[in-house]
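Model, not experiment: these values are computed from the prediction. All chains are named by letter (A, B, ...) in the order of the sequence lines, taking the proteins before the strands, and each is independently numbered beginning at 1.
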Amino acid sequence: MHVNLIEEVLESIWVTEEKGSSNLAEIKKHSCAEVSDEVVEELLKNKLVTIDGDDLLFTETGREQAKNVIRRHRLAERLLTDVLKRTADETEETACEFEHFLAPEITEGICTLLGHPKTCPHGSVIPPGTCCIEARKTVESVVIPLTKLEPGESGKIAYITTQSHPRLHKLLSFGFAPGLTVSVHQKTPTFIIESDKTQLALEKEIAEDIFVWKKEESA
Amino acid sequence: MNNKEKLRVLAAGGTNTGKTSVCLGLARKNIYTASSASGKMKVNTEEYSYNGKKYTLFDTPGYYNLLNASEDDQKTKEILLAGRADAILHVANARHIFRSLLMAIELIEFDLPVVMALNMTDEAEKFGNKLDIESLSEQLGIPIAPTIANIGDGVETLKKPISKRKKSLLTMRYNLSIEKAFDEIRETIEPEVTFTRGLGLFILNNDSMALNMLKIALTDKKIVELQSIISSLTGDISLMVMAARSKFIERVLSVSLKKEEITKIPLLEKIGTLSTHKVYGFIILGFVLAFLYFFIGRLGAEFIADFLDQTLFGGYINPFLTKLAGYIPSEFIQEALVGNYGMLTTGLGTALAIILPIIVTFFFAFSFLEDLGYMPRLSVLLNSAFKKMGLNGKAILPMILGFSCVTMATISTRVLEEKKERIITILMLVLVIPCSAKLSVIIAMLARVSLVSTLILVAILLLMMFATGYASSKLIPGEKSDFIMEIFPLRIPSLKAVLYKTYKRSMWFLDEALPFFIYGMFCLFLLDKIGTLKFLEDLFSPLVVNWLNLPPKFTDAYLLSFFRGEAGIIVLRDMAIPGHGYSGELLTPIQIVVSTLVIILSIPCLTTLLVIIKEYGLKFGLLLVALIMPLSLFIGVVVNFLLRLLPAGLF
């Protein structure tokens with residue numbers, strides 16, 4: 001049995017459960033892969049689910065696995081919409097493929113890069129991973145657009161998401177590239193940011209495209 | 001190439017790096033006698049000899065980057081791709097050293113000898129960036145000469161390295177997939193076309209100009225092969241290239257750039273910070289405007305101009321000239337020189353006594369603020385207002401210059417990146433911005449009307465400006481460019497630099513405007529003599545008298561303003577302020593408002609029109625005239641009608 005198929009079904013059980021049901025017929029409706037008796041048998045054999053009448057219920061391991069699939073899928077969606085600026089519809093197919101092969105450490109990496117997002121672009125909850133829980137504990141810096149910083153605060157540029165080439169080139173040619181620490185000097189009437197070398201005035205629209213890891217003030 | 005041929009040198013570099021100054025310096029020409037004061041969209045050529053050999057310089061428009069070139073950048077790209085240059089003179093700006101080096105690497109990759117003229121090293125040092133030129137030159141493998149182009153320092157020393165034609169041995173290594181693609185391209189296009197890494201990048205970036213050129217030299221089969229090489233490469237070429245170059249430059253600068261602590265002046269720093277603030281910034285702007293008003297309006301336009309006009313010219317020079325002209329046997333020539341429309345008394349006299357003091361004080365104040373580092377802060381402050389008019393904060397500079405001389409401002413619109421922005425700015429300049437010469441006379445005339453009338457005039461002009469900007473930003477196709485601007489700390493201006501710039505700019509103005517004053521006056525004199533003036537006055541009389549409620553002589557002012565706006569305004573002044581020899585009834589306040597409005601709105605002067613035609617073509621120039629002349633009269637008629645509905649006591 002192909003592992004992808006199992007993951008698809010785990011995913012649909014999770015989604016159905018989110019809607020408040022564990023009914024097998026419902027699960028079948030939400031699945032993009034066919035939920036055959038064979039698959040259900042396989043799931044039972046691997047102790048991922050138990051059957052209770054018409055309902056399919058997760059076991060502890062099953063829930064853990066399903067959680068990871070969902071997490072990968074929804075993080076991929078976030079990555080595709082936030083960073084690559086795809087629409088939510090466009091992302092679906094790619095995200096479906098991502099969910100099957102993202103290694104755990106890469107998943108964590110993406111999650112950190114995106115600032116441990118809580119929901120996917122469709123508004124569903126992204127189950128938190130270990131990195132998110134740790135981040136909450138250590139108040140680790142998160143990636144936010146430069147516009148979310150207040151004057152005087154600073155951050156390290158994580159990535160620039162602009163669609164426009166000349167714009168990106170201009171920022172780069174001023175030396176404003178990922179890795180550079182910048183601080184916000186003022187926000188109105190025009191954004192001014194500064195690095196140790198340069199003070200740069202730019203429009204809000206451009207500042208929105210620059211994502212930074214916020215630096216926490218040392219208490 | 002044999003010795004008799006000319007060596008073709010491409011002068012390339014970013015905008016405002018001082019390319020033109022370097023080229024003119026090499027050709028030993030003066031900036032304000034050279035034809036290249038305008039027509040920046042084109043490639044100007046200059047020539048010089050060195051050691052018995054002739055050199056042709058191509059002075060190209062400044063560019064940002066070639067690989068993703070904008071409209072302006074195409075010229076430089078074209079010369080490089082077509083192999084029309086034997087060597088490159090890269091004019092770089094030490095203040096933007098990172099950007100300059102990005103460009104240097106791009107140029108070196110075309111496998112031509114490159115020599116760098118590094119401008120503004122002195123400026124960079126003032127901001128604590130000390131460059132080790134020798135190590136920089138060694139690391140890039142090209143000769144570098146520090147220059148201060150605007151005063152010609154160091155320019156001569158460029159000639160020797162250019163003549164040596166030594167190529168740089170520097171090779172930027174890109175990632176393996178690009179290097180592999182380079183090998184494949186080389187195999188495909190050689191021997192028909194010589195491979196350079198520069199050309200290779202253009203091909204990989206699927207550059208249409210490069211591919212079209214290759215289509216001429218290569219068979220269709222080879223073009224298809226190239227296309228498959230292009231499409232097999234994944235990832236964004238320009239970003240990969242940029243990343244590799246940036247990393248290299250960071251390494252170069254870590255060796256060659258020494259950061260020095262500069263002495264900070266806390267007060268200036270504080271003012272610098274406040275000057276972009278959403279509230280204090282505008283208060284500081286208020287102070288700046290007040291300073292400008294007193295310095296230019298009071299000192300220049302009133303105190304100095306009055307002294308020159310009344311005392312010097314009125315009391316001594318004009319009577320002397322009139323007496324001198326009395327010896328000329330022909331009465332016709334006498335009149336042409338010193339009569340009512342005299343070339344000397346009215347033409348030259350007005351230009352030197354009334355206009356020059358304003359121009360000099362304006363340029364002094366402008367250069368002072370520029371050297372202080374205030375100008376970019378103004379752009380920051382007003383960016384959002386300009387955005388509504390399809391422009392960004394950078395357009396503030398040409399606009400302010402417009403208050404000195406609209407012609408000069410028109411030329412300076414080339415600092416704007418998009419053609420759309422340049423056209424909108426030019427429209428606003430031509431339509432609503434009165435140059436300082438006009439403005440000073442207008443201010444003198446407005447002393448005769450109430451504050452309400454003055455405010456009405458200002459309000460109409462502001463309204464026209466926003467309407468023009470808003471409408472044209474919707475109507476003219478094209479993009480608004482991004483507003484990204486580097487802001488330098490404020491510093492104490494150097495008096496020497498300010499005086500030098502003031503001198504340079506004022507000379508430029510005299511050079512441009514003086515002949516027009518004299519010839520314009522002569523034309524008017526002729527028109528008057530042969531009776532055409534009377535004829536035109538009669539012709540326009542129904543419109544002028546019935547619709548604008550102005551005296552027929554307004555036609556003189558209107559026609560003259562086409563040559564030089566300020567000359568037209570002076571005629572108007574004579575009609576509005578007693579004591580200038582006007583025989584008719586003085587203008588009423590409403591008439592003053594309407595007539596000044598029409599003159600401001602119409603074409604500012606012939607020079608401006610000529611510059612516009614030179615840069616944007618005859619068609620655009622004529623279209624502008626056809627649009628603006630009727631519009632100015634129409635607005636005048638409407639305003640005249642509306643003002644007459646208001647109670648007369650207001651004016």
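Heavy atoms from other residues, nucleotides or ligands lying under 6.0 Å from NZ of Lys247(B) number 12 at most. For Leu274(B), the CG atom is densely surrounded, since the number of other residues' heavy atoms within 6.0 Å is greater than 12. No more than 12 heavy-atom neighbours from other residues, nucleotides or ligands sit within 6.0 angstrom of NZ on Lys156(A). By the 6.0 Å contact criterion, CZ on Phe101(A) is enclosed, its count of non-hydrogen atoms from other residues, nucleotides or ligands being greater than 12. For Lys67(A), the NZ atom counts as densely surrounded, since its 6.0 Å shell holds more than 12 non-hydrogen atoms of other residues, nucleotides or ligands. Phe282(B) CZ: more than 12 foreign heavy atoms inside a 6.0 Å radius.
Closest of all the heavy-atom pairs between Asp482(B) and Arg167(A) is OD2-NE, 2.7 Å. Scanning all heavy atoms of the two residues, the minimum distance from Phe483(B) to Glu203(A) falls at N-OE1, 3.0 Å.
Only the side chain of Met242(B) comes within less than 4.5 Å of a heavy atom in chain A; its backbone stays farther off. Heavy atoms closer than 4.5 Å to chain A are found in both the backbone and the side chain of Ile487(B).
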Point to revise | side chain to side chain contact (heavy atoms under 4.5 Å, CB included) between Val380(B) and Gln186(A), worked out | key: CA-CA 11 Å; Val380(B) 168; Gln186(A) 68 173 55; 4.1 Å; yes

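Note that CD1 of Ile193(A) and CD1 of Ile484(B) are 8.5 Å apart. Values are rounded to the nearest 0.5 Å.
For a heavy-atom cut-off of 4.5 Å, chain B lies close to Glu205(A), Ile206(A) in residues 204-211 of chain A.
No other option in Leu171(A), Leu200(A), Leu168(A), Ile192(A) has as many heavy-atom pairs under 4.5 Å with chain B as Leu200(A). Put simply, of Thr276(B), Asn383(B), Leu381(B), the one with the most heavy-atom pairs under 4.5 Å next to chain A is Thr276(B).
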